[in-house]
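To keep things clear, I will list the structure first and then write my remarks on it.
Every value quoted in this text rests on a predicted model; they were computed, and no experiment measured them. Protein chains get the first letters and strands the later ones, always in sequence-line order, with residue 1 at the start of each.
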Amino acid sequence: MIAESSPSSKKRAIVWFRKDLRLADHPALDAALQGGMEIIPVFIWDEQEGGAWSPGAASRWWLHHSLASLGNTIEQKRGNLILAKGQAAVELPRIAQAHQADIILYGRCYDPAGIATQEAVEEACDSSGISTESFNSSLLQEPWETKNGTGKPFQVFTPYWRKSRPIIYREPASYDPRKLSFVPNLSSPSTLEELGLLPEHPWHQKLGNHWEVSEAAAHQQIERTVEEVTQSYATRRNHPSVDGTSRLSPYLAWGQVSPRQICQAVLQAENEGSHRGENKFLVEIGWREFSYHLLYHFPNIPDQPLRPKYANFPWLDDPDNLKRWQFGKTGYPMVDAGMRQLYETGWMHNRVRMVVASFLVKHLLLPWQEGARWFWDTLVDADLASNTQGWQWAAGCGADAAPYFRIFNPITQGDKFDARGEYARRWIPELEKLPKKFVFSPWTAPSSVLAESGVDLDGNYPGPCVDHPEARARALAALATLKQI
DNA sequence: CTCCCATTTTC
DNA sequence: AAAATGGGA
């Protein structure tokens, strides 16, 4: 017989927080509230969970501050966020028994490791007689919801989006987070510091200069950018010197905000005449959904190319060039500015992400996995689905493959999208005085101009590590070898 | 003959 | 998306 609770005591629900570190539009919290349950909020840190794709340094920094913020907010509501270290399948049943929880409620994850974890949790709870219920708290739709005419997953974005767009938008949960009721006076097995999320290397310390990590900050960011993304996003988003993107990606990564909340804000602000969801920014939310669709159906793509013939691509092994790329010393200012922005702030403008990715893969012929790995460690918005999809797109081995002759020109990309050289000069102060004409190709400047501008090629700023026309020809030749297979 | 811009080709 | 091309200033 199940232990009877006294008639006056409320039912208790563990809400297991995962990639949804927020109190608003959280389906598990909503379910607890609708069921009149008191909430035991739990986060479990399992360093082993992700395997080779365990969260990187920047992502862990963000997680640390997210948990601090969530914990504070819960304390204001007379609750305590329980933090534990270890496997969820071991820790959750233990916590459930210690605090007499009636049910465990949680948001599903869709990456391979997250899926394995929730399967193990379900099994452990099943054998201990603990009931569970899971929800979709991080996507607009389930990754398996959209299928093509033959019942298979899409591998091209445009038809995927054509089919998804009319049905994809979902209303956020409408409960008032102030009404959530938490079990008081809970003690946590671990302190936040004991989770050991902050890397030992002090690199992460400067990230705090650029980001405010909290659910409230996520909503301020929506407020700040909703007009931008509904009005002038289509053109302004391409210019890295302009603050024309939403900068919401890191908040989405750990779920300070849900895509439903973002879409609602954008759709409400859209002009009456515009067609629902044709907005370019919402298309980017669509890409995020598509990335999860791909990762769900092809779970090996974080490491393997979606298009199998790319497994034979003649990548180079060149640690020196990899280092030049990572630390912004390739000699191509558009590339170097982006890589320095990334290392300094944990984020890079999307236009520049495409340029640096193309450069690593095409100009340097280094494997896209090396780029994905570096981004994974340094991006505060690191997301396995989006990062994988983005890198495979850039390498041409993924879904929506770019035509193989599409090799970004790092000089003309600068001329086009950073026409005044502001972005380049902001991140590469060595080039501050160099005339605009030469900013994206300093090696073409006459030596007198270089001297006057204080630029010493291969001194304070490197010369180009590869020659653009040669590198382009080499990439085309390498791509041509794939055709013979 | 050079420079600039719009159009076509690249596989 | 970039490079090559070709017409016009």
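Residues satisfying the side-chain contact (heavy atoms from CB on, under 4.5 Å) test with A:E284, not counting sequence neighbours, are A:Y233, A:R237, A:W287. In this view, A:R224 and A:Q220, A:Q221 satisfy the side-chain contact (heavy atoms from CB on, under 4.5 Å) rule, not counting sequence neighbours. Residues satisfying the side-chain hydrogen bond (donor to acceptor under 3.5 Å, both in side chains) test with A:S164, not counting sequence neighbours, are A:Q141, A:T146. Residues satisfying the side-chain contact (heavy atoms from CB on, under 4.5 Å) criterion with A:S249, sequence neighbours excluded, are A:W347, A:D381.
To the nearest angstrom, C1' of C:dA2 lies 14 Å from CE of A:M354. Taking atom NE2 of residue A:H363 and atom C1' of nucleotide C:dA2, one finds them 11 Å apart after rounding to whole Å. Spacing between atom NZ of A:K437 and atom C1' of B:dC4 amounts to 14 Å, rounded to whole angstrom units.
Contact annotation: A:K416 reaches the phosphate of C:dA2 (side-chain N/O to OP1 or OP2, under 4.0 Å).
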For residues 448-455 of chain A, run the donor-acceptor check on the side chains, cut-off 3.5 Å, and write out each pair with its distance to 0.1 Å, sequence neighbours left out.
from, atom 1, to, atom 2, distance (Å)
A:S453, OG, A:K433, O, 3.4
A:S453, OG, A:V449, O, 2.7

Pairs under 3.5 angstrom, nitrogen or oxygen only, protein versus nucleotides 3-5 of chain C, please.
from, atom 1, to, atom 2, distance (Å)
C:dA3, OP1, A:H468, NE2, 2.8
C:dA3, OP2, A:N409, ND2, 3.0

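Side-chain contact, A:Q369 with A:D303: no donor N or O sits under 3.5 Å from an acceptor N or O.
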